[in-house]
Amino acid sequence: MIKITLPDGSVREYQKGTSSHEIALSISEGLARNVISAKVNGEVWDSSRPIHSDASLQLLTWNDDDGKATFWHSSAHLMAEALEALFPGVKFWVGPPLENGFYYDVDLGGQTLSPTDFEKIEQKMLELAKQNNSYQRKEMSKKEAIAYFTEKKDEYKLDLLERLEDGNITFYTQGNFTDLCRGPHIPTTGIIKAAKILNIAGAYWKGDEKNKMLTRIYGITFPKDKELKEYLVALEEAKKRDHRKLGKELELFTFSEKVGMGLPLWLPKGAMLRERLEQFMRTAQTKAGYLPVITPHIALKELYVCSGHYEKYGADAFQPINTPQEGEQFYLKPMNCPHHCEIYKSAPRSYKDLPVRYAEFGTVYRYEQHGELHGLTRVRGFTQDDAHLFCRPDQVKEEFCKVIDLVLYVFNALDFKDYTAQISLRDPENKTKYIGSDENWDLAEQAIIESAKEKGLKTVVELGEAAFYGPKLDFMVKDAIGRKWQLGTIQVDYNLPQRFELEYTGSDNQKHRPVMIHRAPFGSLERFVAVLIEHCAGNFPLWLTPEQFAVLPISEKFNDYAAGVLNQLQALGLRGKLDDRNEKIGKKIRDNEVNKIPFMLVVGEKEAQENKVAVRQHGKGDIGVYDLKGFADFVNGIIENDFKEKALK
RNA sequence: GCCGGAGUAGCUCAGCUGGUAGAGCAGCUGAUUUGUAAUCAGCUGGUCGGGGGUUCGAGUCCCUUCUUCGGCUCCA
C-alpha cells in the first residue's frame, strides 16, 4: 500500500500502482470526470499514470492553471493531428500551452494558410476529438525515437532529440498522431468540445532570425462550447480598449506618414492629459528632493563614445547629423544620462551634497525596427520621466527604496494593481557582454534584491535580462490583449560614473566615485498613456481627464447662459467645454456619452432662471440639479476623496 | 529586418468572375428651437496608399514600394 497526501492534509491509502484517476474515482465520480491531470509530488502527471510510492497529490481540473495548461497542450497535439490529416508531410517543431490557448510551430513546406483553412482545421479537430481517443504514453529509447523521426523526415524533432538524454524520452499517441512529448496529457480527446484557430504568424525556428521561419498557428480550445463563445466575446471587448482605437476616437494622438512612422503627434486632448501626468510627477518629485534640469536633443558623438552607448548601439542608432564644420557629428540623444553626468561634473561635489537627484522629462530617439513599432507602446521618439541619482555607495539601498516608493505611489494613484516587478540580473553564463567589474555587479544586484524584498514586491527574477551597464528592476504591466509591457524602471549603474570620471570629495578629503541610479516611474509617457488608456478603457480619472464636463444647452436660446456656466466653472478650476451645436439634447447627450465626458450639464429654461445646472453623469444618467459652486465642490470633492483614499497629495 | 494579412471620402465599411466608384456617420447650407443616447432636407467630398506593367479597358490581375495589423522570449 502507498500513502497519498491530499492538499487538505488528509492521508489515504491505496494499492501500489493506483492512478490519480482511480484515486479521484474513489473520492467521487463527478470529480473523476473533471480531472484533467494531477500534480504528483509537485510534478504534473497524466491522471492515468500509476503511482508507485507515497506521494502528495493534487488533482487538477479545468479550474487549475496547470489543468488548463495540460488541456491546451493536449489540444496542440490534437491540432497537429488535424494538420497532419489535412496537410500531409507537415513537419512539427514545438507546441506549448500559453496563458490563453496554445500554438504549434510547423513547417508546411511552402504552403500558406487562409481563414478558410482555419475552419477546416477546427472542424477536423472536433471530428478527431469526437473519436475520444486516449493519449497513450510510451517510453522510448533514443535510438527508436531517432529511427521514428528519421523515417518521418522531421528534422526539427530530430534536432530536439539530439539534446535529450536516453532513458528520458517519451512518446504520446492519440488516434493517428504520435509526437515526441514529455507530457502530461488529458485522458482522452473527447473532453475537448470547442476549438478555434485564432491566428497564424511567422516565427523563426528557435527564435533566431538566422534560422528558417516556421508557421506558428495559435489556437484555443475549451471543454464547453459556451466557454469558447464567452472567450471570443471577451476578446472583442478587449479590442475595444485598444489604445490605438481609443486614441483616435478620443482625439488623443495621431501619426503621419509625412512626419515619419513611430513618431507620435499629440493632439490637444492627449497633450492636456499628458501635461497633467507630468505635473503630477513633478509635484511628487519636488517633494522627494529632485532638482529639475533641461538638456538638448542632440549631442556630439564624443559624448556617446564616452558613455559607451556609441559602441553598444552606434550601428542601430539613427545616423549622425553633420554640420558645416569638418568632422563634427551630432547624434539625436537616445538617453539622457550622459547629459546628466556632465551636469554633475559641472561643479565639484562634496559628500555632503549627495545624493543629488536630477530630473528631466527628456525626449529621446531610438531607431526601432520597422516591424517592432506598435501604437504608442513602441515608438521611435518618446519622452521619459527620467532622473539620475548620484549618491554614495552607502546610500544606494536607501535611494533605491525611495524610488520604489515613488513608483508605487504612481501606480496606486492610477489604480494599476496588476503588475509584476521584474529583477533583471546578469546572464551568469555570459558575463563578458556586460560593462563593469564583477564586484560592482554583485553589489548592485544585492541592493536591488534586498530593496524589492523590503518593499514587499511580487518579483520575478530574470537572468540575462540586465542592461549592459547594470542590473535593473522593471515594473511590467499587461495591455488589453494581455501583452506585457515594461513601464517603470530603476537601474543601478556603476559604469557611467567611471566612464565620466565622476567624483565627490569624502569626509576623508579624498576623491570618491559616486554611484548612479537611473529611474523612470512612468518609463515613457507614450507607453504609459497607452497602457493607461487601455487600463481605464478611455474613462480617465477625473483629475486627469482632459475634459471633465460639457455644458449642453437645450436650445440656442440658452447658449449665452451656457457660455456663462462654462466661464464660471472654469474660474472655479474645472475643465470643460460648451456643446452649442444646433442639435437636439438627445443627440448632444449621445455624442458626449460616446466621447466619455464624465459630466454633462444640461441647461434650459429652468436652470437659467435658477442659475443652476442639471447634471448627468457618464454611464449613470441624471444625478440631480446643482448650483455652480455646488457642482464644482462635488467634482473637486470626488477628486480629493480619491486622493485621500490613496494617501496621495 | 523577417513571415503572413490589410490599405477605397475625415471615420466605419460595400464594390460578384476586369467594363471608368457607393452607403452610413462626420463636415457645409438651410429648416427646426428642441428637456436626458442619433430632427429633417439639400450639398460638398475619393487621381480607390504611391510607382510601374498586362489589357481596347484595372479599385479589381501581375511586379515594386510605402504604411498599417498579427507575430518573431515562452525550447517535447
Side-chain angles (χ1 to χ4, degrees), chain A residues 69 73 76-77 80 92-99 102-105 108 110 112-115 140 145 149 154 156-157 159-161 163-164 168-172 178-185 198-218 239 242 244-245 248-249 251 254-258 260-262 316 367-375 462 464-465 481 483-484 552-559 581-595 600-607 614-623:
Chain A
H73 181 202
H77 278 233
F92 299 94
W93 169 233
V94 297
L98 303 168
E99 212 168 306
F102 56 88
Y103 70 77
Y104 217 122
D105 279 349
L108 291 163
T112 54
L113 293 180
S114 71
M140 297 285 270
F149 284 108
D154 193 328
Y156 306 106
K157 292 293 179 188
D159 180 88
L160 273 175
L161 274 168
R163 279 165 294 144
L164 293 180
N168 202 13
I169 293 173
T170 51
F171 275 31
Y172 275 83
T178 298
D179 201 358
L180 169 68
C181 183
R182 169 171 44 189
H185 281 286
L198 296 169
N199 50 40
I200 50 173
Y204 296 108
W205 184 35
K206 300 190 211 176
D208 187 337
E209 58 185 293
K210 287 185 206 80
N211 286 336
K212 181 171 180 177
M213 185 162 277
L214 303 176
T215 304
R216 177 166 296 180
I217 308 176
Y218 288 87
K239 280 184 189 158
D242 192 313
R244 291 165 299 187
K245 184 174 155 63
K248 191 182 274 180
E249 286 171 2
E251 297 171 348
T254 189
F255 289 90
S256 148
E257 287 188 23
K258 267 211 185 82
M261 60 167 121
D316 303 325
Y367 187 80
E368 300 289 353
Q369 288 203 91
H370 176 230
E372 296 274 7
L373 299 174
H374 181 93
E462 296 287 347
E465 286 295 309
I481 337 176
R483 286 179 289 217
K484 262 192 193 169
L552 317 184
I554 292 282
S555 81
E556 284 179 354
K557 283 191 239 162
F558 310 105
N559 281 358
R581 293 174 301 164
N582 182 5
E583 293 289 352
K584 293 176 80 168
I585 195 67
K587 168 72 164 167
K588 294 187 187 181
I589 286 171
R590 179 185 154 75
D591 288 349
N592 284 286
E593 284 283 353
V594 168
N595 283 317
M600 281 150 278
L601 311 181
V602 178
V603 296
E605 179 103 50
K606 270 183 291 175
E607 291 77 17
V615 181
R616 182 190 165 98
Q617 191 166 1
H618 170 74
K620 282 193 183 152
D622 198 341
I623 59 165

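To find a chain, count down the sequence lines: A is the first, B the second, and so on, and within it residues start at 1.
Pairing for B/rG35 is absent, judged as Watson-Crick or G-U wobble with the two contacts each under 3.5 Å. B/rG57 makes up no base pair with any nucleotide shown, lacking Watson-Crick or G-U wobble contacts both under 3.5 Å. Searching all strands for a Watson-Crick or G-U wobble partner of B/rG27 with both distances below 3.5 Å returns B/rC43. Across all strands shown, B/rC2 forms a Watson-Crick or G-U wobble pair, both distances under 3.5 Å, with B/rG71.
Between A/Arg616 and A/Glu593 there is a salt bridge, with a side-chain nitrogen of the basic residue lying less than 4.0 Å from a carboxylate oxygen of the acidic one.
The A/Ser555 side chain lies nearest to B/rU33 when the options are B/rC72, B/rU33, B/rG35. When each of B/rU36, B/rC72, B/rG1 is scored by its nearest atom to the side-chain atoms of A/Asp622, the top-ranked nucleotide is B/rU36. For A/His73, taking side-chain heavy atoms from C-beta onward, the closest of the listed nucleotides B/rA76, B/rG71, B/rU36 is B/rA76. Side-chain proximity of A/Glu372 to the nucleotides B/rG1, B/rA76, B/rU34 is greatest for B/rG1. Here the nucleotide nearest the side chain of A/Lys584, chosen from B/rU39, B/rG35, B/rA37, is B/rU39. Of the candidates B/rG71, B/rG35, B/rC2, the closest approach to any side-chain atom of A/Glu605 belongs to B/rG35. Among B/rC72, B/rG70, B/rU68, the nucleotide with an atom closest to any side-chain atom of A/His374 is B/rG70. Checked against B/rC66, B/rC75, B/rG70, the side chain of A/Trp93 finds its nearest nucleotide in B/rC75. Closest approach to the A/Arg616 side chain among B/rU36, B/rA76, B/rU67 is made by B/rU36 (side chain taken as heavy atoms from C-beta onward). Residue A/Glu593 has its side chain nearest to B/rA37 when only B/rA37, B/rA76, B/rG1 are considered.
Within the 3.5 Å criterion, the main-chain N or O of A/Lys239 finds no donor-acceptor partner in the side chain of A/Lys245.
Regarding A/Glu556, its CD atom lies at a distance of 11 Å from the P atom of B/rU34, rounded to whole Å. The interatomic distance linking A/Glu249 (CD) with B/rU12 (C1') rounds to 10 Å, in whole Å. One atom, CD of A/Glu251, and another, C1' of B/rA26, lie 11 Å apart when rounded to the nearest Å. In this structure, the CD atom of A/Glu583 is 14 Å from the P atom of B/rG35, given to the nearest Å. Distance OH (A/Tyr156) to P (B/rC75): 19 Å, rounded to an integer number of Å. One can place CD1 of A/Ile585 at 16 Å from P of B/rU33, the figure rounded to the nearest angstrom. Rounded to an integer number of Å, the gap from CZ of A/Phe558 to C1' of B/rU36 is 15 Å. If you take CG of A/Asn592 and P of B/rG35, they are 17 Å apart, rounded to a whole angstrom.
For the OP1/OP2 pair of B/rA76 and a distance below 4.0 Å, the side-chain nitrogens and oxygens of A/Arg182 include at least one atom meeting the criterion. The side chain of A/Lys587 contributes no N or O atom lying less than 4.0 Å from OP1 or OP2 of B/rA37. In terms of phosphate contacts, A/His370 brings no side-chain nitrogen or oxygen within less than 4.0 Å of OP1 or OP2 of B/rC66. Put simply, A/Arg216 has no side-chain N or O that comes within less than 4.0 Å of OP1 or OP2 on B/rC3.
Nearest-nucleotide positions on RNA chain B place A/Lys248 closer to the 5' end than the other of A/Lys248 and A/Val603.
No contact: A/Thr215 has no heavy atom under 4.0 Å from any strand. At the heavy-atom level, A/Asp179 lies nowhere under 4.0 Å from the strands shown.
When all heavy atoms of A/Ile169 and A/Ala145 are compared, the pair lying nearest together is CG2-CB, 4.1 Å.
The environment of CD in A/Glu462 is crowded: more than 12 heavy-atom neighbours from other residues, nucleotides or ligands sit within 6.0 Å.
No donor-acceptor contact under 3.5 Å links the side chain of A/Tyr367 to the base of B/rG1. Under 3.5 Å, the side chain of A/Glu607 and the base of B/rG35 form at least one donor-acceptor pair of N or O atoms.
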Walk me through it: do A/Arg244 and A/Asp242 pass the test salt bridge (Lys or Arg N to Asp or Glu O under 4.0 Å)? CA-CA 5 Å; A/Arg244 291 165 299 187; A/Asp242 192 313; 2.6 Å; yes
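Aromatic ring pairs are classed by plane angle as parallel below 30°, tilted from 30° to 60° and perpendicular above 60°; the pair A/Phe92 and A/Tyr104 is perpendicular.
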